[in-house]
2 protein chains.
Amino acid sequence: MKATINDVAKQAGVSIKTVSRVINNEASVRQLTREKVQRAVDELNYQPNLSARNLAGAKSYSIAYIYDNPNAYYIIDMQKGILSACKQQGFELLIHPCDSKSQGITEEVVNMVKQARIAGLILTPPLSEMPEFVKTLVDLDVKVVRILSGDVAPDDLSPCVMVNDRDAAQTITQHLIDLGHKDIGFLAGDAVHMSTIERYKGYRRALKASNIEFNKALVIEGSYSFDSGVSGAKELMSVQTANPRPTAIFSCNDEIAAGALFAARLMNISIPEQLSIVGFENSPFSRQTWPKLTTADQPNNQIAEDAAMLLISQIRKQKNPITISQYVPKLIVRDSTAQCEKL
Amino acid sequence: MKATINDVAKQAGVSIKTVSRVINNEASVRQLTREKVQRAVDELNYQPNLSARNLAGAKSYSIAYIYDNPNAYYIIDMQKGILSACKQQGFELLIHPCDSKSQGITEEVVNMVKQARIAGLILTPPLSEMPEFVKTLVDLDVKVVRILSGDVAPDDLSPCVMVNDRDAAQTITQHLIDLGHKDIGFLAGDAVHMSTIERYKGYRRALKASNIEFNKALVIEGSYSFDSGVSGAKELMSVQTANPRPTAIFSCNDEIAAGALFAARLMNISIPEQLSIVGFENSPFSRQTWPKLTTADQPNNQIAEDAAMLLISQIRKQKNPITISQYVPKLIVRDSTAQCEKL
DNA sequence: TTATTAATTGACAGCGCTGTCATTTTTTTA
DNA sequence: TAAAAAAATGACAGCGCTGTCAATTAATAA
């Protein structure tokens, strides 16, 4: 029923070792032989048995995705991308949810890596932002690829896939500026997350580039949640004598933006006529609010696939130098932003 | 470094086959021997090698979770529960996202099962609600456990874990009735989903139990989305001469409820004073709205773990008859419901 | 007690593949 | 052209475990 390497060998008229060489893309196989084998592989629809490979070889064909992120949409997207790379490359994916704040997290992961003979790991924030943790893992005999917020890798511990939130935030802020907004509020996400910091930097940079004076009172600390968006927007929009009331709000993600939208409704502020609001992430959230959110699209699926491919090529020692690929989320203009009406 | 079955055998002074018997919980091992081996296993912190097991044995130690559900929170929860069962039982989990509406879905899954030597599958809605699909899989040599909405299994194709949405919906509707509400709107989810149908039945049953006349005009068709909640609530709450304006709304899930909440705000209807709204699912959503939603808690994590355990025991042929376990989501009263003010 | 049966245990092959190393074939050099 | 070097291929063991079946031991019957 299912073809084995033996069947292929017979069909191609070579030894199983030669078949093994072909499917592992090793050198020192004549072109002619390689084609012969490849044909047999195709005819029999042969796929190597992962268990046997893992057992026999020194190498491992398993990678793991370790996550701790309250945002389920993010994880599902990532997972899908990684899975897609694994399928293409004949790798197996282990999923490991965990709690980054727990005491024994490092030991837990180290054990897992040893036990399951994991060849590589994919780390997303906040795990990818924990240097100690990453260092411990890299010192083990396991490849690591991190997905991080920023434009350059913070160190050379491992290859990284960078998501340039800063440039994206600048672009999206610029979009508001282009619409005539000058008093732009900033609703921050969790301050410990790099993404918040980067998005803040982009916001500042855009203001500076347009010679708009930065007003600290328009920056509200918070967290990546709907609630935070509600309270932050309320604070921003309540009448204050000293500060101008903002005509636009930059929210660090779509959830916050949804909260801000909600608060605006409570305060009878019409969106986008009286107030423009932007989100970040292009999560399903942003299409479910009314009006739909202008946001920055982060192709998580693609980012994850890219990261997994990078990891696998590292494992295969296809010695491409430590590549850093970079993504810049793209502006998506929807219905929550409009020309500034204030004169 | 990592202990093998050989190490354990030596340490215990028995043959590897005996160790194998102990770890597989086979009969015909003397109690004394069993303890001796168990001690060695513990001392060496031995864990059987999955690849070797999969390769050597006729059995497989892999199960798969096949999903297609737009609700990421649901999937993450499920996945976590399944993963937990797998860890306990020494099984491996394959994750397979897919599109239930695609043409070749059945073939795709069948192939996967064959290729990866999957011993069992866990199916959640909407896949678990596709009889043809399930039948094809059951006819293969693979165990299936479905998670379904309802109180009894629709057939005896496979064991099921039932989530009794009907009783839960009745309870939650009763909660509204207890608060004095009589005109209770119903915002449906996708009509093709069993969960919508069951929740609707529970709603009807509660009305009947309290001798409240059913009013078809208060039932709005829709889908499981925020938008649907917004438009549905608008429709319900717009002034209609013929129908009483509802004082409470039953929403088929939290997203719909969040939408209804939003619409109410737009219409200057205060929650919960003028209108009570309930959700369903207890998703993170329900804690992020303001006011927080009264809802029905569905312990997805636990349900999934239960399903996985059931599946694994099936695979192990621990011939407990086809068990159907049932969960009834529990009412969680938060801030979106209050005494009816209408006299 | 001894013969018979049942319960335990172990020896060994083999799952499908890769690593090592010997063998064969091809290419290069003298 | 023969000898040496390099490239290509194959034979075989073994990864860690389970299945089969034979060997041993304990329990029961005669």
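Below, chains carry the letters A, B, ... as their sequence lines are ordered, and counting in each starts from 1. Computed from a predicted structure; not experimentally measured. These numbers come from the heavy atoms of this one structure, side chains and all, not from hydrogens, waters or symmetry mates.
Closest to the side chain of B:A58, out of C:dT18, C:dT8, D:dG19, is D:dG19. Side-chain atoms of A:I16 lie closest to C:dT18 of the nucleotides D:dC17, C:dT18, D:dT9. If you check C:dT9, D:dG16, D:dA8 against the side chain of B:A52, the one that comes closest is D:dG16. Checking C:dG10, D:dT18, C:dT18 against every side-chain atom of B:T18, the shortest atom distance belongs to C:dG10. Of the listed nucleotides (C:dG10, D:dG16, D:dG10), D:dG10 has the atom at the smallest distance from the side chain of A:V14. Each of D:dA8, C:dG10, D:dC17 was ranked by its minimum atom distance to the side chain of B:K17; first place goes to C:dG10. Among C:dC17, D:dA11, D:dG16, the nucleotide with an atom closest to any side-chain atom of A:R53 is C:dC17. Distance from the side chain of A:S15 is smallest for D:dA11 among the nucleotides C:dT8, D:dA11, D:dC17.
Dashed line: the shortest gap from a side-chain N or O of A:S28 to OP1 or OP2 of D:dA7 is not under 4.0 Å. For the pair B:N54 and D:dC17, the criterion of a side-chain N or O lying under 4.0 Å from OP1 or OP2 is not met. Considering only side-chain N and O atoms, B:K59 lies under 4.0 angstrom from the phosphate OP1 or OP2 of D:dG19. Dashed line: the shortest gap from a side-chain N or O of A:N24 to OP1 or OP2 of C:dT18 is under 4.0 Å. Proximity of A:Y46 to the phosphate of C:dC17: a side-chain N or O atom is located under 4.0 Å from OP1 or OP2.
Between B:N49 atom CG and D:dG14 atom P the separation is 18 Å, expressed in whole Å. Regarding B:R30, its CZ atom lies at a distance of 14 Å from the C1' atom of C:dG10, rounded to whole Å. Rounded to a whole Å, the CD1 atom of B:I5 is 12 Å from the P atom of C:dG10. Here D:dT18 presents its C1' atom at 14 Å from CG of B:N6, a figure rounded to the nearest Å. Going from atom OH of B:Y61 over to atom C1' of D:dC17 covers 9 Å, rounded to whole Å. Between the CD atom of B:E26 and the P atom of C:dT9 there is a distance of 12 Å, given to the nearest Å. Taking atom CZ of residue B:R117 and atom C1' of nucleotide D:dT18, one finds them 11 Å apart after rounding to whole Å. Taking atom CG of residue B:N25 and atom P of nucleotide D:dT18, one finds them 12 Å apart after rounding to whole Å.
Between A:T33 and B:L55, the residue anchored closer to the 5' end of DNA chain D is A:T33, taking for each the nucleotide with the nearest heavy atom.
More than 12 non-hydrogen atoms from other residues, nucleotides or ligands lie less than 6.0 angstrom from CG of A:N111. Enclosure of atom CD in A:Q88 by more than 12 non-hydrogen atoms of other residues, nucleotides or ligands within 6.0 angstrom is indicated. The local environment of CD in A:E26 is crowded, with over 12 non-hydrogen atoms from other residues, nucleotides or ligands closer than 6.0 Å. Around CG of A:D141, the count of heavy atoms belonging to other residues, nucleotides or ligands within 6.0 Å does not exceed 12.
A donor-acceptor contact closer than 3.5 angstrom links the side chains of B:Q38 and B:D42. For the 3.5 Å distance criterion, the side chains of B:Y74 and B:S283 fail to qualify, holding no donor opposite an acceptor.
When the C1' atoms of four end pairs are superposed on the next four at each end of the helix from C:dT1-D:dA30 to C:dA30-D:dT1, using five pairs per end, the two resulting axes differ in direction by 40°, to 10°.
Contact check for B:V41 versus B:V22: no side-chain heavy atoms found under the 4.5 Å cut-off. At a threshold of 4.5 Å between non-hydrogen side-chain atoms, the residues A:I105 and A:D99 do not count as touching.
Between the base of C:dG10 and the side chain of B:R21 there is a donor-acceptor pair shorter than 3.5 Å.
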